[in-house]
Amino acid sequence: MIHQGKIVKLLGGFYTVQSGQHRYETRARGIFRHEQVKPLVGDEVLFSITEGDNLNAIEKILPRKNALIRPPVANVDQIFLFVPIAQPKYNRYTIDKLTVYYEQLNVPVVLLLTKVDLAPKEAAELALSYEASGFSVHPVSITAPDGWKELEEAMRGKVTALSGVSGAGKSTFTSKILGLDLDTQDVSRKTNRGKHTTRHTELYHQDGIFVFDTPGFSSFSPEEMESEEVKDYCPEFRKYAQDCRFQNCLHLREPHCGVKAALEEGLIEAQRYDSYLKLYEELKEREEVQWR
């Protein structure tokens, strides 16, 4: 018998599907591997329930609203990108690559600055930097419950994916918002990186709030993006690109470039522009290798 449900958990190759008030453990049919498609947590699926020792099986993935690589989830309304000020310290280039990737998917991004008490001045400067680039930024502090309430309301009625490096505070955030007791650990003293406390992907929900808790990661490279597309996903460029002489201006060495003029006037932050150049060159080099 075929049923419809949503994948709410992936652990060790087994998918937990929620259908009504019941949950079913399933495996994905081999056809998905042949079609090079993988079911994701958040997918709406059709699945079969079998009798006896045979395991239930996912038969079909229904059309997706979107699908992300980092984190690997589907049908997301917004991203909360966790940026730890310290322990482990954020990497600006990784943040900027992620924002470009999420802009490409047209998924709204909110930057959550965590552990701000360890370097409050630096946190304030970082917040101003990304706010100037057009992003919504929220410092997150255990000692400031009003801020948590504001975020909780912003999540209500939406599916929110948490993104960021290991140890950034994603599981702590989920625990506090939903009143759960998730596994959290301190940052490794040896590497100063977060330990992978979340080892599987799961969609939690309570009182109209849906949150993906996912394993963290230490690096990221956008897939299926052309180097010449990167400029389109830097929101601070759009206003000034209208002043470029050439419609296809890449904002590199072209004359009469509105973006470069805004950069020189301090209207576009140099750090963000440097990240744009670095990502452009990274993708350009990858394209040249592919064509050799």
Side-chain angles (χ1 to χ4, degrees), residues 1-82 98 101-109 155 157-166 170-171 173-174 178 180 182-183 196-206 208-225:
M1 183 177 295
I2 301 297
H3 297 260
Q4 182 173 336
K6 179 187 286 289
I7 299 176
V8 295
K9 183 178 180 179
L10 170 59
L11 178 62
F14 293 90
Y15 297 86
T16 301
V17 177
Q18 178 100 34
S19 182
Q21 300 300 314
H22 301 283
R23 290 191 171 199
Y24 302 87
E25 192 172 75
T26 69
R27 293 296 294 264
R29 291 285 191 197
I31 189 172
F32 296 116
R33 186 167 57 253
H34 294 305
E35 295 178 350
Q36 296 184 328
V37 176
K38 183 179 180 180
L40 298 173
V41 177
D43 271 330
E44 292 284 344
V45 297
L46 299 180
F47 68 103
S48 58
I49 298 177
T50 57
E51 300 294 337
D53 296 332
N54 294 325
L55 195 63
N56 306 319
I58 295 174
E59 305 287 346
K60 182 179 181 179
I61 301 171
L62 298 180
R64 292 166 168 165
K65 176 179 181 179
N66 50 46
L68 279 61
I69 299 173
R70 291 288 188 278
V73 294
N75 299 317
V76 177
D77 293 320
Q78 61 183 354
I79 296 281
F80 279 9
L81 177 53
F82 283 67
L98 284 165
Y101 171 59
Y102 297 140
E103 282 284 327
Q104 181 194 32
L105 295 176
N106 197 29
V107 181
V109 180
M155 299 168 71
K158 298 179 180 179
V159 177
T160 305
L162 309 184
S163 175
V165 297
S166 300
K170 299 186 296 298
S171 292
F173 177 84
T174 304
L178 299 182
L180 302 174
L182 301 181
D183 179 30
H196 290 259
T197 55
T198 301
R199 295 176 176 84
H200 67 277
T201 301
E202 186 162 357
L203 176 61
Y204 295 96
H205 63 92
Q206 184 173 296
I209 295 176
F210 298 82
V211 184
F212 287 106
D213 191 30
T214 60
F217 49 89
S218 58
S219 62
F220 172 76
S221 180
E223 303 292 336
E224 300 180 0
M225 183 183 294

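Residue numbers run from 1 in the order of the sequence given.
- Looking only at distances, a side-chain donor or acceptor of Ser19 sits under 3.5 Å from a matching main-chain atom of Gln4.
- Taking both residues in full, the closest heavy atoms of Ile58 and Pro39 are given as CD1-CB, 4.4 Å, listed atom of the first, atom of the second, then distance.
- Enclosure of atom CG in Leu62 by more than 12 non-hydrogen atoms of other residues, nucleotides or ligands within 6.0 angstrom is indicated.
- Among residue pairs with one or both ends in residues 17-44, those qualifying as ring-ring contact (aromatic ring centres under 6.0 Å, His included) are Tyr24-Phe47; sequence neighbours excluded.
- Annotation: the span from Ile7 atom CD1 to Glu44 atom CD amounts to 9.5 Å, rounded to 0.5 Å.
- For Tyr15, there are no ring-ring contact (aromatic ring centres under 6.0 Å, His included) partners, not counting sequence neighbours.
- Of all heavy-atom pairs spanning Leu162 and Pro71, the tightest one is O-CG, 3.8 Å.
- Scanning all heavy atoms of the two residues, the minimum distance from Val73 to Ala161 falls at CG2-CB, 4.1 Å.
- Under the side-chain contact (heavy atoms from CB on, under 4.5 Å) rule, Phe212 has a single partner from Leu40, Thr160, Val8, Val41, which is Val41.
- We find the OG1-NE2 distance between Thr26 and His3 to be 12.5 Å, quoted to the nearest 0.5 Å.
- Counting heavy atoms from C-beta outward, Ile79 and Leu98 have side chains that stay 4.5 Å or more apart.
- Nearest approach of Ala67 to Leu105, heavy atoms of both residues: O-CD1, 3.8 Å.
- If you check the side chains of Gln206 and Tyr204, you find no donor sitting under 3.5 Å from an acceptor.
- Under the salt bridge (charged side-chain N to carboxylate O under 4.0 Å, His left out) criterion, the residue pairs touching residues 56-67 are Arg29-Glu59, Asp43-Arg64, Lys65-Asp77, with sequence neighbours excluded.
- Although no hydrogens or angles enter the test, the distance criterion places no donor-acceptor pair under 3.5 Å between the side chain of Lys170 and the main chain of Phe82.
- Residues Met155 and Gln78 are in side-chain contact: their nearest non-hydrogen atoms beyond the backbone lie under 4.5 Å apart.
- Between the side chain of Asn75 and the main chain of Gly42, a donor-acceptor pair closer than 3.5 Å is present.
- The two residues His200 and Leu11 have their closest heavy-atom pair at CB-CD1, 3.6 Å.
- Considering every non-hydrogen atom in both Asp213 and Thr174, the closest pair reads OD1-OG1, 4.1 Å.
- Here the OH atom belonging to Tyr102 is positioned 6.0 Å from the CG atom belonging to Leu68, to the nearest 0.5 angstrom.
- In this structure, Leu203 CG and Lys9 NZ are separated by 12.0 Å, a value rounded to the nearest 0.5 Å.
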